[in-house]
Amino acid sequence: MKYLSSRGGMSPQGFSEILLEGLAPDGGLAVPEQYPQVSHAQLQAWKNLSYAELAFEVLRNFATDIPEADLKALTSKTYTKAVYGTDEITPLRPLFDGMQVLELSNGPTLAFKDMAMQLLGNLFEYQLARVGQELNILGATSGDTGSAAEYAMRGKKGVRVFMLSPAGKMSAFQRAQMYSLQDPNIFNVAVEGLFDDCQDMVKAVSEDLEFKSRYKIGTVNSINWGRISAQVVYYFKSYLKAAPTIGDPVSFAVPSGNFGNVLAGHIARQMGLPIRRLVVATNENNVLDEFFRTGVYRPRASAETYITSSPSMDISKASNFERFVYDLVGRDPQALKALWDTLKRDGQFDLSGDARFAEVESRYGFVSGSSSHANRLETIREVYERTGTLIDTHTADAVKVARQYVEPGVPMVVLETALAVKFAETIEEATGQIPPVPAAYAGIEKLPQRVVGMKASVAEIKQFIVQNTGL
Ligand SMILES: Cc1ncc(COP(=O)(O)O)c(C=O)c1O
Ligand SMILES: N[C@@H](CCOP(=O)(O)O)C(=O)O
């Protein structure tokens, strides 16, 4: 399998190459030349595989330049009970009204990011040893990618992590998870701005090709195809569990911000998984919902982005949306580029009058909705009262929106993207309950923190990287 840039400016590359490269050299995102196809018979054969076995079967289609024995060893090492708490790795639990919750947040940092990031850590280590290289990871986080990346890369040979986070915008627990790490290869930077400012800095540094090559800059955000491909696996796993019979439709509701998680569902669907609907659930920052309802894509500036109680989705420029639009315009990089040129010029593009927009639901299965603080509190309270379990604020956004799209006889799988303990203040506001703190995190908010403050300045972060790499 070879990969191209969504904007057409990259010669075909292998999986291992784009894994270390992150953003394509023309500022676009790596996309596979075509989507591998999975037959009904293959789905049947995969039904009883363990998560690690299934991960190998799915990923061997994407990582074709990694010897199969090595890939198998990497997936077996990654997807274990010791890391994810259960043999199932991603259990499904019943909710109510036709919905089930897919538990993706039982990994080391209590968010779905661990599902792909733990594999990425092992893949990086493997690939860097193969090519004898070091990697300086530059990442942006709104709260969960940062800790997942740092926990996955701690102590990894030849890897440093520079993680940009929006100063004062994450929950106290999220801050403590990241900033309490004292490992010498981890650098936390609190940026005066929002997630989008942090991600813009990452992209600007990556687009300086000379700096990128000299300082061996890589990414761990979902702009890295490695993240997306690993996230495809749990759509297959949960489909095989939720579908009454293989071939029956199943819908998925996904709390969405940077559009990486639901894009993985889109890819699973393109591979032939019988997904009926992909429900995009946003918080008050409803850029994606606006597009799926109206055809207008209008990313907002930081000044127009709300600080909400589902802070990990306080995102107004969804990077991975570009990968979906690439498919929507017939995988034509020139058409994609024309839209992105319009976006740069006008601050938006409008597909409402375009026949292709009608296909977002009919052909691709996308529908959407948004949720507010009041909705979130009400949903968390109702789930607690009816099931005795506490769900986090992002998952609550998805439950709220999912309900609009439940259909008789079609299971609706809601992706649980974090655990309640990460957002204890809102959970307490909703239910009066303080979520239990896992033993590994007891007292974490009281630990000393190591973080440097910075303006949203590309020059400053470059300077910081230069100073701390010794290259
Ligand atoms: C807890 C949580 N839920 C949902 C999301 C949104 O996922 P995505 O950015 O892949 O759309 C994120 C982060 O992005 C998150 O951390
Ligand atoms: N919600 C994320 C931000 C988006 O990150 P990505 O790595 O999935 O692109 C976070 O919590 O950091």
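As the structure lists them, so they are numbered: ligands from 1, and atoms in each ligand from 1.
- Note: an N/O pair closer than 3.5 Å links R227 and ligand 2 by distance alone.
- Remark: distances from the non-hydrogen atoms of G143 to ligand 2 include one below 4.0 Å.
- At a 4.0 Å heavy-atom cut-off, ligand 2 touches N258 through the side chain alone.
- Heavy-atom separations between S142 and ligand 2 include at least one value shorter than 4.0 Å.
- Residues R323 and N320 bring a donor and an acceptor atom of their side chains to less than 3.5 Å of each other.
- Between the side chains of S310 and N283, at least one donor N or O sits under 3.5 Å from an acceptor N or O.
- Proximity of K113 to ligand 1 is established by a heavy-atom distance of less than 4.0 Å.
- Ligand 2 has an N or O atom lying under 3.5 Å from an N or O atom of D144, backbone or side chain.
- Defined by atom type and a distance below 3.5 Å, a donor-acceptor pair is present between the side-chain atoms of K113 and T145.
- Distance from atom 8 (O) of ligand 2 to its nearest protein heavy atom, with residue and atom name: K113 NZ, 2.7 Å.
- The closest protein non-hydrogen atom to atom 5 (O) of ligand 2 is T145 OG1, 3.1 Å.
- Atom 11 (O) of ligand 1 has its nearest heavy-atom neighbour, among A111, A148, G257, in G257.
- Near A418, the atoms of ligand 1 lying under 4.0 angstrom from a non-hydrogen atom of the residue are 1 (C).
- Every heavy atom of Q174 sits 4.0 Å or more from the atoms of ligand 2.
- Looking only at protein heavy atoms, the nearest one to atom 2 (C) of ligand 1 is T417 OG1, 3.5 Å.
- No hydrogens or angles considered: nothing links the side chains of N136 and T469 as a donor-acceptor pair under 3.5 Å.
- In this structure, the protein non-hydrogen atom closest to atom 12 (O) of ligand 2 is T141 OG1, 2.6 Å.
- Short contacts between ligand 2 and N221, defined as distances under 4.0 Å to a heavy atom of the residue, involve ligand atoms 5 (O), 6 (P), 7 (O), 9 (O).
- No donor-acceptor distance shorter than 3.5 angstrom exists from the side chain of R293 to the backbone of S368, with no hydrogens or angles considered.
- Every salt bridge (charged side-chain N to carboxylate O under 4.0 Å, His left out) that R331 has, sequence neighbours left out, goes to D327.
- For the side chain to side chain contact (heavy atoms under 4.5 Å, CB included) criterion with I380, the lone passing option out of N375, T393, D392 is T393.
- Looking at atom 9 (O) of ligand 1, its nearest protein heavy atom turns out to be N258 N, 2.7 Å.
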